[in-house]
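Just below is one structure, and these are the notes that go with it.
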2 protein chains.
Amino acid sequence: MKQITLKQIAEHLNISITTVSKALKDYPDVSPKTKALVKELAKTLNYKPNTFAVNLRTKESKTIGLIIPVIVHHFFSSVIKGIVSQAEKKGYLVIILQSNESYELEKKQIDLLMSQRVDGILISLANGTADFSHLKEVLSQDKPLVMFDKIAKIVKCSKVIIDDRKAAYLATQHLIDTGCKRIAHFRGALLPQNSIDRFLGYKKALLDNNFPYDPSLVYICECGDMSFEEGKKNAQQLLKDHNDVDGIFINTDLVAIGAMTEFNKQGVKIPEDISIVGFSNWFMSSVISPTLTTIDQPGYEMGKAAFKQLFKEIKQRKKSKPVVFKEIVLDTKLVKRESTKEMVV
Amino acid sequence: MKQITLKQIAEHLNISITTVSKALKDYPDVSPKTKALVKELAKTLNYKPNTFAVNLRTKESKTIGLIIPVIVHHFFSSVIKGIVSQAEKKGYLVIILQSNESYELEKKQIDLLMSQRVDGILISLANGTADFSHLKEVLSQDKPLVMFDKIAKIVKCSKVIIDDRKAAYLATQHLIDTGCKRIAHFRGALLPQNSIDRFLGYKKALLDNNFPYDPSLVYICECGDMSFEEGKKNAQQLLKDHNDVDGIFINTDLVAIGAMTEFNKQGVKIPEDISIVGFSNWFMSSVISPTLTTIDQPGYEMGKAAFKQLFKEIKQRKKSKPVVFKEIVLDTKLVKRESTKEMVV
DNA sequence: TAGGAAATCGAAAACGTTTTCGGTAAAATC
DNA sequence: GATTTTACCGAAAACGTTTTCGATTTCCTA
């Protein structure tokens, strides 16, 4: 029941290991006859090359690493699916790690993947990550790295993102177009680029429409993984602080759903009293009531694009060509549902 | 910028590779002085053992494979999280593959993992899997394999499951206890053991309460990944066929939510006209309206338990001890919410 | 001080593959 | 018939580690 090796095939056939190896890989300098013989025996013996040995020889593992902040998450699990399916097509396997929004863990995991000698790394940053030396070290070792969704602008590498600012602008403009006069924003954590850009989009839309920008209408929350609860809490606070708000642009669907739950409980009517726009288009958003107007964020496509770019860089590096970094920006669109009023024509 | 090897450290220090290796692994037969020297140099040079070489020597990769039917799925992504976090604690990495509910793919992926020589495999079967020879081959090669959630009873290996039959019984009993007189069942696909057991639990509860069992009230659907749509379709059909049904036990929350969406649209009141119990306790179920009564299925714990068992078997096999297969049954409980009426006391 | 015990080290084989390079035999060329 | 070309094969090194086993030195004890 031991695993078959080249040596055993060679001995069976009374030829050298070299020839067996070459036969299996269709080298031109082995006769069709022996090729056929070797291949047949390999098949009947169910020969599987020893990956460990191959890796050692070729210095590549056909494996990539993936680090994401959370796994149980509609958007991120879509990304995983995109990456895994694309990788499989190209003969790559993917190792998954979850940073839990912690910088410390993220750092350790990068280290782990580096000693595992994966061929490349895909990462979406933790909220807590403000220092990027661990990423820079990956790059300095010439290991392909591409960031997606939650990225660091300063780090010089390929990135796959959406135009968060534009999408947020769109969302806010939609609130304005449907008659909202005083618009709040739940922005979540402070650090992530996403969060910043969405906030900036919100602000710009206000100013472009001659709405005053009021910082007290922007709600921040550094509560880690508690998105749903965060929405509830922010909603409560908002009702206390500002009873004149009639529209909210919320960073993430899950937070939005938390807020809606609270509003429903308190008898605040959506969208009559308050309109809400979320972000990401979780499946859930289409089945709650009222259904949530939101920005569609293409997770699957993002995963696919991220892997494709990584794959390209792995190949470039292998041929020791200079790698060209790319910033890929995917399209988003507003999905109009029931949580916002109809357009005023 | 090349990777540091034992050889380089040895040359730096004018000692042998052997000693360097042993020093780093705290062998007793190297003096404290040289140990310190080696360790210090290793640290300053940032030495990382070459995993490929280690794997080749030790014949293990500290990596396990995980095959699941779908990734974008509340239950399964919880399982992934449980597995990954537990594995990381024990120094194991996990490779994820998605079978897409296809037997063919599942088979190929098992093959892939075997040639990758992972140390063990965790799997939840595809709906389409009726033949188990690919799994038996894994076991015959003495490679640890544990199945979870969607299992095959015939295959002799460790399993982590819930008592589906009991849980379904509980769910159906709850419908009866809250006054339902005619109870339907949406059972989804035919093949999976889950589906069978939940159906049996449903049936037994009926009979134990002297309710007639009516096969026409059991709705089957072989529509692959379309759970939500399946719920809608079944609901439509049910309204046409049986307008006297006042309770449904539904296989999966997502299907239940599809059904509820349809009932809401058609003005059927939940739970006044029809009570509904789902299965799995997706997060979503707690935020839709009405909130869904369901069976809590502990995904995270299941993942954790599955990895722990696999880890145990990997260790046993390493010591060439006989592996003892275990069937671990996790607790479930009914989560009472708004989609069912209050108990009749 | 001889003897063995304890402490410390290193040579070398092994893991299984890939690839370079040279060698031989057969076929083609003149 | 001598020479070149072509076709086919294999020896051997290399990838970087782990581990066995023997060798050497130092230390202790009688």
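Chain letters run A, B, ... following the sequence lines, proteins first and then strands; every chain starts at 1.
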Checklist entry - Rounded to whole angstrom units, what separation is found between the CG atom of B:N55 and the C1' atom of D:dT17? => result 10 Å
Next on the checklist: Tell me the interatomic distance from B:K62, atom NZ, to D:dT17, atom P, rounded to whole angstroms.
Outcome noted: 17 Å
Checklist entry - Is there a side-chain polar atom (N or O) of B:S21 under 4.0 Å from OP1 or OP2 of D:dT18? => result yes
Item to check | Between D:dT18 (C1') and B:L24 (CG): distance, integer Å | outcome: 12 Å
Checklist entry - Does the side chain of A:I123 reach to within under 4.5 Å of the side chain of A:L145, using non-hydrogen atoms? => result yes
Checklist entry - Could you give the OH-to-P distance, from A:Y27 to C:dT20, as a whole number of Å? => result 7 Å
Item to check | Separation of B:F148 CZ from B:L66 CG (nearest 0.5 Å) | outcome: 5.0 Å
Next on the checklist: Heavy atoms only, 4.0 Å cut-off, all strands: where does A:F52 land among base, sugar-phosphate and nothing?
Outcome noted: nothing
Next on the checklist: I'd like to know if B:T18 reaches the base of C:dA11 with its side chain, counting only an N/O donor and acceptor under 3.5 Å.
Outcome noted: yes
Checklist entry - With a 3.5 Å cut-off and no angle check, do the side chains of A:N127 and A:K150 form a donor-acceptor pair? => result yes
Next on the checklist: Rounded to whole Å, please give me the gap between CD1 in B:I17 and C1' in D:dT18.
Outcome noted: 11 Å
Checklist entry - Among A:P192, A:S102, A:S99, which residue meets the side-chain contact (heavy atoms from CB on, under 4.5 Å) test with A:P69? => result A:S99
Item to check | Distance below 4.0 Å between A:K25 side-chain N/O and C:dT18 OP1 or OP2 | outcome: yes
Checklist entry - Rounded to whole angstroms, how far apart are CD1 on B:I9 and C1' on D:dG16? => result 12 Å
Checklist entry - So, is A:Y47 close to the C:dT17 phosphate, meaning a side-chain N or O under 4.0 Å from OP1 or OP2? => result yes
Checklist entry - Closest to the B:S16 side chain: C:dA11, C:dT19, C:dT8? => result C:dA11
Item to check | Which nucleotide in D:dT18, D:dC9, C:dG10 has an atom nearest any side-chain atom of B:I15 | outcome: C:dG10
Next on the checklist: When you measure from the side-chain N and O atoms of A:T19 to the phosphate of D:dC9, is any distance below 4.0 Å, counting only OP1 and OP2?
Outcome noted: no
Item to check | Base D:dG16 to side chain B:K48, donor-acceptor N/O within 3.5 Å cut-off | outcome: no
Item to check | Separation between CD1 of B:I67 and CG of B:L113, rounded to the nearest 0.5 Å | outcome: 5.0 Å
Checklist entry - With a 4.0 Å cut-off on heavy atoms, is B:P49 in touch with a base, just the backbone sugar-phosphate, or nothing at all? => result sugar-phosphate
Checklist entry - When rounded to the nearest 0.5 angstrom, what is the spacing between CG in B:L122 and CG in B:D149? => result 12.0 Å
Item to check | Lys/Arg N to Asp/Glu carboxylate O, A:D119 vs A:K315, below 4.0 Å | outcome: no
Next on the checklist: Between C1' on D:dC21 and CG on B:D29, what's the gap in Å once rounded to a whole number?
Outcome noted: 11 Å
Item to check | Parallel, tilted or perpendicular, as decided by the 30° and 60° cut-offs, for the rings of B:F76 and B:H73 | outcome: tilted
For nucleotides 13-15 of chain D, print each protein N/O atom paired with a nucleotide N/O atom at under 3.5 Å, atom names and distance only.
from   : atom 1 : to    : atom 2 : distance (Å)
D:dA14 : N3     : A:R57 : NH1    : 3.1
D:dC15 : O3'    : A:K59 : NZ     : 3.1

Checklist entry - Rounded to whole angstroms, how far apart are CG on A:D26 and C1' on C:dT18? => result 15 Å
